[in-house]
Trainee: 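To start, I am sharing the structure in question, which I have written as structure tokens.
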Amino acid sequence: MPPIVRFAPSPTGLLHIGGVHTALFNWLYARHEAGEFRLRIENTDTSREVAEATEQIQESLRWLGLDWDGPTTFQLDRMQRCKEEARRLVDEGKAYEDVGAIRIRMPDEGSTGWDDLIRGRIEYPNEKLEDLVAVRADGRPTYNFASPVEDWLDGITHVIRGEDHISNTPKQIRILQALGASLPRYGHLANILGPDGRKLSKRHGAVSAEEFRKQGYYAPALLNYLALLGWSYDDRRELFTREELVELFTLERVGASPAVFDYQKLTHLNGVYLRSLSPAEYAGVLAGYLREQGYEWNEELVRRAAPLVQEKIATLGEFPSFAGFLFEPVEPARELLDGSAPLLSDAREALGGVDPFEAGQIEATLRGLAERLGLKPRQAFQPIRAAVTGSNVSPGLFESIELLGREETLARLARAAAAAA
RNA sequence: GCCCCCAUCGACUAGCGGCCCAGGUCACGGCCCUUUCAAGGCCGUAGCGCGGGUUCGAAUCCCGCUGGGGGCACCA
């Protein structure tokens with residue numbers, strides 16, 4: 001029987017990367033086993049609900065390609081059913097009323113245990129289990145009651161979630177048993193930590209899927225990186241397409257120890273992905289990203305600039321600062337130009353006669369100029385680079401000049417020569 | 001305080017008793033290439049938390065300790 005799993009975030013804000021990780025592992029498991037992956041919004045606590053959150057969560061999942069089966073469901077929609085079930089437990093003597101709330105009786109001897117999908121046997125002493133509130137005095141079911149009831153109603157077969165739910169599991173098992181429901185299997189994933197060993201949070205850097213997207217991370221790379229946090233295929237392979245992940249993923253190879261999120265490794269992997277794209281694909285991805293982030297730059301020029309940066313930037317977000325000089329005026333720092341007024345004037349003059357105005361000719365001309373002036377390539381090109389791109393770090397100089405065009409290049413050289421004088 | 005979980009290079013991990021004086025990747029250091037920055041190539045530094053067992057043999061199994069994390073709500 002194919003498994004049915006679910007991802008059940010609460011709509012309290014943007015989708016946290018830890019949530020993405022949990023969603024990914026559920027999704028991979030479902031797809032690998034040809035089962036179903038459901039999305040359920042746990043909005044029982046209306047006071048903490050953020051209006052936009054549900055749509056943002058779904059948008060993030062769509063961006064990452066984590067498609068879910070069936071409609072998105074809402075915990076709140078099942079309040080009535082939850083109350084009826086709680087009522088039933090009272091009638092059966094398995095629960096009782098307490099100051100207006102309904103509490104479920106928990107055993108106080110022995111232990112409750114389960115064979116965790118990724119941790120093996122876990123036993124929890126029953127004396128630590130309190131009679132938990134299933135329905136509040138105001139009539140709303142609690143999370144710990146609604147969640148297992150919904151798992152039951154939805155026929156969830158495998159509950160794969162974060163390790164912070166380990167201590168909830170025995171309670172939920174007891175509830176399900178009281179209800180007469182069959183139990184799902186449980187698997188608890190390790191948390192994702194920040195570099196300081198604490199829970200990954202805002203002060204460590206980007207934490208929501210939306211932020212990673214904004215910074216120019218490529219969804220397939222982010223997914224690949226996240227898969228490597230707690231899962232591995234063997235002792236050397238680290239690059240996997242979505243399809244390969246689906247094919248190779250097994251819970252058997254998921255580890256139980258917490259992992260520190262390494263932004264540098266993610267960035268490196270992102271670069272590997274971006275560089276592996278064909279020039280046309282890359283140009284499309286880059287143009288799409290800039291459009292989405294609100295840049296209104298000439299798309300034709302963006303596409304022509306794409307090959308100049310593909311090898312050089314690891315995230316799409318670096319493009320504006322790295323190649324923005326093609327679209328906006330530059331203001332080179334004085335010290336980058338110091339003492340190079342004659343050189344810049346000579347360069348301007350030499351480039352004025354280049355025809356056709358393309359990289360090969362431009363390079364030959366500037367190298368010839370450097371040689372005439374007795375300058376090493378670096379000595380000659382850095383000031384020119386600064387004058388034209390506004391920085392001492394840029395895409396290839398000759399290609400950049402070609403894209404900028406003769407008129408703008410000469411204007412920038414003239415302006416910089418004046419500033420350097 | 002009590003309960004639960006976890007423990008291999010700085011980081012992610014491979015290792016499920018001999019193939020390991022521990023392998024891969026990121027980061028870091030050096031060299032090469034080079035118009036900057038990257039990318040790439042080559043080389044290198046670096047690890048089984050500690051103590052007891054079990055075994056002919058332990059990174060691998062067991063126990064304890066230590067350390068880290070999570071949980072103990074009419075929050076999710």
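Every chain is numbered from 1 and lettered A, B, ... according to where its sequence line falls, protein lines coming before strand lines.
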Trainee: Could you tell me whether the side chain of A/Glu238 has a donor or acceptor atom within less than 3.5 Å of a complementary atom in the base of B/G24?
Mentor: yes
Trainee: A/Trp231 CH2 to B/A14 P: how many Å, rounded?
Mentor: 11 Å
Trainee: With distance as the sole criterion, do the side chain of A/Arg378 and the base of B/U35 form a donor-acceptor contact below 3.5 Å?
Mentor: no
Trainee: Of the nucleotides B/A76, B/A14, B/G71, which has the atom closest to the A/Arg253 side chain?
Mentor: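 Taking heavy atoms from C-beta onward, the closest nucleotide is B/A14.
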Trainee: What do you reckon, are the aromatic ring centroids of A/Phe37 and A/Trp68 less than 6.0 Å apart?
Mentor: no
Trainee: Does A/Phe381 have its ring centroid less than 6.0 Å away from the ring centroid of A/Phe398?
Mentor: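 Yes: the rings meet the under 6.0 Å criterion.
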Trainee: Would you state whether a donor and an acceptor, one from the side chain of A/Lys312 and one from the base of B/C37, lie under 3.5 Å apart?
Mentor: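 Present.
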Trainee: Taking donor-acceptor contacts at under 3.5 Å, does the side chain of A/Asn168 reach the base of B/A76?
Mentor: yes
Trainee: State which of B/C74, B/A39, B/G69 makes the closest approach to the side chain of A/Thr142.
Mentor: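 Shortest atom-to-atom distance from the side chain points to B/C74.
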Trainee: Can you tell me how far P of B/C3 sits from CD of A/Glu130, to the nearest Å?
Mentor: 15 Å
Trainee: Any donor-acceptor pair under 3.5 Å between the side chain of A/Lys265 and the base of B/U13?
Mentor: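 Side chain to base: no pair below 3.5 Å.
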Trainee: Which of these nucleotides, B/C5, B/A76, B/C74, is closest to any side-chain atom of A/Glu163?
Mentor: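 For the A/Glu163 side chain, the nearest candidate turns out to be B/C5.
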Trainee: Take the protein atom CZ of A/Phe261 and the nucleotide atom C1' of B/U13, then report the distance between them rounded to whole Å.
Mentor: 16 Å
